[in-house]
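First the proteins, then the strands, lettered A, B, ... as listed; each starts at 1.
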Amino acid sequence: MKEVLKNIDEVNINDFQRDLLAWFSAEQRDLPWRKDRDPYKVWVSEIMLQQTKVDTVIPYFNRFIEKFPTIEALATADEEDVLKAWEGLGYYSRARNLQSAVQEVKAKYDGKVPDSPKEISSLKGVGPYTSGAILSIAYGIPEPAVDGNVMRVLSRILSIWIDIAKPSSRKVFEEAVRKLISHENPSFFNQALMELGAIICTPTSPSCLLCPVREHCHGFHEGVQAELPVKTKKKSTRIVKMSAVVLFTEDNKVVIHKRPEEGLLANLWEFPNTEVVDLQSPRKQLEQYIEKEYRMKVAINPGVITTIRHVFSHLTWEIEVYTGKLLHTKKKLPRLEIVTDEELSKYAFPVSHQKIWKTVVAEKTES
DNA sequence: TATCCGTGGCG
DNA sequence: TCGCCAAGGAT
């Protein structure tokens, strides 16, 4: 720890803070979660921003806050509605953990977001980064908030050559932030490091000539800014072949299924589908799967409508899409619904299944 | 520690 | 087309 941070003692901390904060005060983007310091809104924004770009989050944040303006509103909402508001944003456990944590805040902390590291870190979905972000931004408490931006920026400024892909690296950067952070304005300091990483000190080809803290940057002075940070690559993803079918009833309703409570796309809705094992007759395999699992008699039309690729961070689905008819079903099973196309809009679907529906609708209107 | 967990954009 | 990348957390 001492050796990797050897350059930190050469940084003029007062000047560094001054230059960084002056830049952020002048250049910070006008973002919807920066309009006030409501801890709830800061919290929502930080959860949404996990592994997600600012431009993607903005419309989701605005809609979410409009629909669930307060802790009370989110705590008492239906999970279905929360997931619908999250639809398309990804990492859906974030939404369920957030609502669960908000309910805990309502019950345990009288509806006030706690302001101690220990209490706030114990909330579902709140890890070291989010904890520090909320404490510093909403409460002005000088805690580090180390995300990918901060690790990249500080690895360059301090010329730190450890692998930022390793979980153990984060504590090195937390240690650095604890030494560098402004106690007068920890909120702006943390946000400024992230803003710098997002706008100037970008992953490839950083704009050093525009950088407000270039003068303090060891990586720049050594000419190695483009080689930092050190980040090992992750393994490539595996491909899984899937088949899916949009089943219509006589009166033009469709069959949908709610995914399991845990795992991939948990609690989202989908069209009946299964992994293709029988490469010779995937259609028959899908029919048999549906008859067995859903207790339905179905007739799947021959011929694949389209093939949809759904790329996740750790695997890829290749989905062959069919249409078909629901011939008979005995009784209503849990997590299974037969709905009109209008009612479909109330249910949250993963992006791939939204595409399935759009393609099938386009196909139908043609004929 | 390594893997799981989404999605869209970009070079 | 493809790999990489983004304000991470849970297990």
Next on the checklist: Name the residue from R170(A), Q50(A), E46(A) that meets the side chain to side chain donor-acceptor pair (under 3.5 Å) definition with Y129(A).
Outcome noted: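 Checked R170(A), Q50(A), E46(A) against Y129(A); only one passes side chain to side chain donor-acceptor pair (under 3.5 Å): E46(A).
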Checklist entry - Are K171(A) and E175(A) close enough for a salt bridge, meaning some N to O gap below 4.0 Å? => result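 Salt bridge absent between K171(A) and E175(A).
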Checklist entry - Is any NZ, NE, NH1 or NH2 atom of the basic residue among R29(A) and E195(A) found under 4.0 Å from an Asp or Glu carboxylate oxygen of the other? => result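 Here R29(A) pairs with E195(A) in a salt bridge, since their nearest N and O are under 4.0 Å apart.
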Checklist entry - Say you pick atom P in dT3(B) and the same atom in dC4(C); how far apart are they, in whole Å? => result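 One P to the other, the span is 15 Å.
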Checklist entry - If the P atom of dG8(B) is compared with that of dG9(C), how far apart are they to the nearest Å? => result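 Per the computed distance, 22 Å lies between those P atoms.
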Checklist entry - Roughly how far, to the nearest 0.5 Å, is the CG atom of L21(A) from the CG atom of N185(A)? => result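 Here the interatomic distance stands at 6.0 Å.
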Next on the checklist: Using 0.5 Å steps for rounding, measure from the CZ atom of R94(A) to the OG1 atom of T130(A).
Outcome noted: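 Between atom CZ of R94(A) and atom OG1 of T130(A) there are 10.0 Å.
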Could you tell me whether the side chains of [X] and [Y] share a donor-acceptor contact shorter than 3.5 Å?
{"X": "N7(A)", "Y": "S159(A)", "answer": "no"}
{"X": "E87(A)", "Y": "W269(A)", "answer": "no"}
{"X": "H257(A)", "Y": "E270(A)", "answer": "yes"}

[X] near the nucleic acid: base, sugar-phosphate alone, or nothing, with a heavy-atom cut-off under 4.0 Å?
{"X": "S168(A)", "value": "sugar-phosphate"}
{"X": "G88(A)", "value": "sugar-phosphate"}
{"X": "T56(A)", "value": "nothing"}
{"X": "V54(A)", "value": "base"}
{"X": "I47(A)", "value": "nothing"}
{"X": "R259(A)", "value": "nothing"}
{"X": "I137(A)", "value": "nothing"}

Checklist entry - Is the NZ or CZ atom of R18(A) positioned over F16(A)'s six-membered ring, under 6.0 angstrom from the centre and within 45° of the axis? => result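 No cation-pi geometry.
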Side chain of [X] only, please: which of [options] is the nearest?
{"X": "K53(A)", "options": "dG6(B), dC4(B), dC5(C)", "result": "dC5(C)"}
{"X": "L265(A)", "options": "dC5(B), dG6(B), dA6(C)", "result": "dG6(B)"}
{"X": "D147(A)", "options": "dC4(B), dG8(C), dT7(B)", "result": "dG8(C)"}
{"X": "P167(A)", "options": "dA2(B), dG8(C), dT7(B)", "result": "dA2(B)"}

Checklist entry - Does a nitrogen or oxygen in the side chain of R152(A) sit under 4.0 Å from OP1 or OP2 of dA6(C)? => result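 Yes, within the criterion.
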Checklist entry - Taking atom P of dG9(B) as reference, at what distance in whole Å does atom CD1 of I58(A) sit? => result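 Nearest whole value for this atom pair: 14 Å.
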Next on the checklist: If I take atom NZ in residue K166(A) and atom P in nucleotide dT1(B), what distance separates them, rounded to the nearest angstrom?
Outcome noted: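 Computing the K166(A):NZ to dT1(B):P distance gives 7 Å.
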Could you go through nucleotides 9-11 of chain C and list every protein N or O atom that sits under 3.5 Å from one of its N or O atoms, giving the distance for each pair?
{"from": "dG9(C)", "atom 1": "OP1", "to": "G127(A)", "atom 2": "N", "distance (Å)": "2.9"}
{"from": "dG9(C)", "atom 1": "OP1", "to": "G127(A)", "atom 2": "O", "distance (Å)": "3.4"}
{"from": "dG9(C)", "atom 1": "OP1", "to": "T130(A)", "atom 2": "N", "distance (Å)": "3.0"}
{"from": "dG9(C)", "atom 1": "OP1", "to": "T130(A)", "atom 2": "OG1", "distance (Å)": "2.8"}
{"from": "dG9(C)", "atom 1": "OP2", "to": "Y129(A)", "atom 2": "N", "distance (Å)": "3.3"}
{"from": "dA10(C)", "atom 1": "OP1", "to": "G125(A)", "atom 2": "N", "distance (Å)": "2.7"}

Item to check | Closest non-hydrogen atom pair between T76(A) and K106(A), with its separation | outcome: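 Minimum heavy-atom separation between T76(A) and K106(A): CG2-NZ, 3.7 Å.
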Can you name the atoms? Protein N/O to nucleotides 1-4 of chain C N/O, anything below 3.5 Å, with the distance.
none

